[in-house]
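Notes follow the structure.
Because the structure is a prediction, the values reported are computed rather than measured.
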Amino acid sequence: RHLSTRSVSIMKLFLLPLLALQCQAKTSYEGYQVLRTSALTAEASAMLRELQMTTNNLDFWGEAATGRTADINTPPELLESVKEMLASKGVKVTTMVEDVEKLIQDTKPGQNPAPRAEGQRYAMDWADYHDHDTLNEFIASLADTNSDFASIINIGKSYEGRDMNVLAITKAGPGAPNVFLEAGIHAREWISPAVATYIVRALVEDYADHPDYLDKINWYFLPSANPDGYAYTWSDDRLWRKTRSDTGSAAGCKGVDPNRNWGFHFGETGVSFDKCSEVYCGEEAFSEVEMQNIRDFVQTLEPVPVLGWCFHSYSQLWLWPYGYDYGAYPENYKEIEQLAIDASDALYQVHGTVFDPINSADLYPAAGASDDWYKSIGMRFVFTTELRDTGRYGFVLPKDQIIPSGEEMWAGFKTVVDKVLEVSAE
């Protein structure tokens with residue numbers, strides 16, 4: 001790939017680590033804008049992918065894939081140069097978020113919290129977002145209330161010592177099919193644990209509506225796969241993505257992208273080895289204790305789960321593996337793809353929300369993701385659902401979208417679970 005001299009000189013602007021804002025106690029995104037590109041040519045997407053791998057000053061909210069738009073969270077001092085660089089490649093730009101900091105402030109949780117209802121056993125609700133401790137309290141409450149068939153399994157602690165707890169719902173008993181649900185691996189994707197807990201609440205508390213779901217399947221649910229990163233998005237930087245481990249970075253950059261840290265085709269595509277990068281994959285596979293904890297726990301499940309599900313945001317996509325390279329499809333990809341299509345159709349019926357069911361690598365190849373690893377150990381069905389929206393709010397989705405997101409995802413979820421029951425009866 002040959003970049004013009006002008007493009008190279010503009011790219012140099014982005015190579016200086018942006019440390020000024022990070023030295024403050026709380027990261028501010030004042031003056032930042034999220035720019036959306038027009039649909040990218042192969043040349044423009046290659047340039048932006050290279051930029052993503054070599055700069056830490058631009059935060060790619062939507063990946064640079066050929067034929068698709070990309071969303072770039074851009075600091076005020078780089079707005080003009082980014083627009084100029086894109087224009088030089090014939091790429092048009094619109095502004096998706098005019099003021100990122102204002103959006104963050106406008107959507108802060110805990111403003112006018114709803115009072116806890118009479119007799120309600122947990123603080124969790126779906127009228128707002130909730131922190132790591134509230135997520136853990138919620139699953140603990142479900143386990144306590146259903147102690148004859150549910151329990152909490154502590155799978156280890158995070159780097160900073162937070163409990164990683166799994167809700168185990170084992171009414172079906174030994175030998176029944178297992179399902180593993182993972183949420184919150186990317187810290188800033190708050191809608192992920194919100195929707196996943198919405199689904200698990202319905203699964204358990206609305207048992208009478210679907211007894212087979214609990215009578216015939218064992219469930220294991222991790223609501224907070226990156227507890228330190230998630231806590232940091234509440235205390236310091238709403239848009240933090242990675243873990244919070246000490247990487248030994250000379251620039252003081254912390255953390256690893258936990259969804260590039262898994263040991264299947266590790267480090268091959270879509271990652272950076274720059275410790276300050278948003279997509280830094282770590283020194284080695286499973287360098288992050290949180291990923292070790294999940295790996296070690298999932299490997300104890302017998303039989304191997306029939307379904308693994310990863311909740312992410314945003315883009316409204318129903319992704320199926322593999323993601324590490326173009327055309328790397330599992331043996332049973334046709335049944336996985338068809339189920340993604342059927343689930344997306346069911347989801348659409350609820351609120352008219354369109355999810356695109358595609359192969360993960362068709363979006364952009366990225367190695368070391370948890371879904372690829374889950375598939376590699378023999379899970380029959382594996383999905384990553386990229387939840388709402390398509391970029392109007394991006395990662396900073398207003399709380400009034402939690403319940404509708406949960407309602408539509410429940411419809412897609414039922415389609416998948418019905419398929420799991422069908423194949424398990426064969």
Side-chain angles (χ1 to χ4, degrees), residues 39 62-63 65-69 177-183 189 191-192 195-196 198-200 202-203 210 212-213 216-217 219 259 305-366 369-376 378-391 401 404-426:
E63 302 290 342
T66 303
R68 290 181 176 264
T69 61
N178 291 321
V179 170
F180 183 66
L181 308 175
E182 167 225 288
E189 298 170 10
I191 191 64
S192 152
V195 164
Y198 180 97
I199 284 169
V200 169
L203 183 68
H210 42 253
D212 278 1
Y213 288 12
K216 296 183 176 177
I217 300 171
W219 299 87
N259 211 38
V306 66
L307 169 65
W309 195 317
C310 313
F311 292 87
H312 284 254
S313 78
Y314 64 96
S315 289
Q316 295 172 198
L317 300 170
W318 203 294
L319 301 173
W320 49 272
Y322 289 109
Y324 69 87
D325 201 5
Y326 293 117
Y329 295 165
E331 280 179 32
N332 67 327
Y333 81 90
K334 286 191 171 160
E335 69 168 356
I336 303 177
E337 179 182 33
Q338 189 57 52
L339 187 50
I341 291 167
D342 293 346
S344 299
D345 286 346
L347 183 152
Y348 173 76
Q349 304 302 321
V350 182
H351 294 299
T353 308
V354 175
F355 271 56
D356 193 7
I358 60 171
N359 170 255
S360 294
D362 284 351
L363 186 62
Y364 60 96
S370 63
D371 54 357
D372 273 14
W373 185 84
Y374 296 149
K375 186 60 187 152
S376 79
M379 295 192 192
R380 180 165 176 175
F381 299 103
V382 177
F383 297 115
T384 290
T385 44
E386 296 278 1
L387 303 173
R388 289 190 186 190
D389 57 8
T390 55
Q401 294 202 38
S405 295
E407 290 168 344
E408 65 198 16
M409 187 47 70
W410 174 255
F413 179 79
K414 278 171 55 182
T415 303
V416 173
V417 181
D418 289 344
K419 182 68 175 178
V420 167
L421 287 170
E422 180 195 313
V423 302
S424 300
E426 289 170 359

List the residues meeting side-chain hydrogen bond (donor to acceptor under 3.5 Å, both in side chains) with [X], not counting sequence neighbours, and say none if there are none.
| X | answer |
| --- | --- |
| Trp320 | none |
| Asp356 | Arg68 |
| Ser424 | none |
| Asn259 | Ser370 |

Sequence neighbours excluded - side-chain hydrogen bond (donor to acceptor under 3.5 Å, both in side chains) pairs with any residue from residues 343-355
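Every pair satisfying side-chain hydrogen bond (donor to acceptor under 3.5 Å, both in side chains) with a residue in residues 343-355: His351-Glu407, Thr353-Arg388, Thr353-Glu408.
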
With the side chain counted from C-beta on, respond yes when [X] and [Y] share a heavy-atom pair under 4.5 Å apart, and no when they do not.
| X | Y | answer |
| --- | --- | --- |
| Met409 | Tyr198 | no |
| Phe381 | Glu335 | yes |
| Tyr213 | Leu421 | yes |
| Ser405 | Leu387 | no |

In terms of side-chain geometry, is the basic nitrogen of Glu337 or Lys334 positioned less than 4.0 Å from the acidic oxygen of its partner?
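A salt bridge is absent here (no side-chain N lies under 4.0 Å from a carboxylate O).
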
Parallel, tilted or perpendicular, judged at 30° and 60°: which one describes the rings of Tyr322 and Tyr324?
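Correct class here is tilted.
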
Minimal non-hydrogen separation, [X] against [Y], with atom names:
| X | Y | answer |
| --- | --- | --- |
| Asn359 | Ala328 | ND2-O, 4.5 Å |
| Pro177 | Val306 | CB-CG1, 4.0 Å |
| Ser360 | Gly323 | CB-CA, 3.6 Å |

Nearest 0.5 Å, please: how far is [atom2] in [Y] from [atom1] in [X]?
| X | Y | atom1 | atom2 | answer |
| --- | --- | --- | --- | --- |
| Asn178 | Met379 | CG | CE | 9.0 Å |
| Thr385 | Ile199 | OG1 | CD1 | 7.0 Å |
| Leu347 | Asp342 | CG | CG | 12.5 Å |

Determine, stepwise, if the pair Val382 / Leu307 fulfils side-chain contact (heavy atoms from CB on, under 4.5 Å).
CA-CA 6 Å; Val382 177; Leu307 169 65; over 6 Å; no

Among residues at least two apart in sequence or on other chains, which ones pass ring pair (Phe, Tyr, Trp, His ring centres under 6.0 Å) with Phe413?
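Only Trp219, Trp309, Trp410 meet the ring pair (Phe, Tyr, Trp, His ring centres under 6.0 Å) criterion with Phe413.
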
With no hydrogens and no angle check, is any side-chain donor or acceptor of Glu182 less than 3.5 Å from a backbone partner on Cys310?
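Checking the backbone N and O of Cys310 against the side chain of Glu182, no donor-acceptor pair under 3.5 Å is found.
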
Between Ile341 and Trp318, does the side-chain contact (heavy atoms from CB on, under 4.5 Å) criterion hold? Intermediate values first, please.
CA-CA 8 Å; Ile341 291 167; Trp318 203 294; over 6 Å; no

State which residue, out of Thr384, Asp371, Leu319, fulfils the side chain to side chain contact (heavy atoms under 4.5 Å, CB included) condition with His312.
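Only one of Thr384, Asp371, Leu319 forms a side chain to side chain contact (heavy atoms under 4.5 Å, CB included) with His312, namely Thr384.
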
Check against side-chain contact (heavy atoms from CB on, under 4.5 Å), Lys375 and Asn332:
CA-CA 11 Å; Lys375 186 60 187 152; Asn332 67 327; 3.0 Å; yes

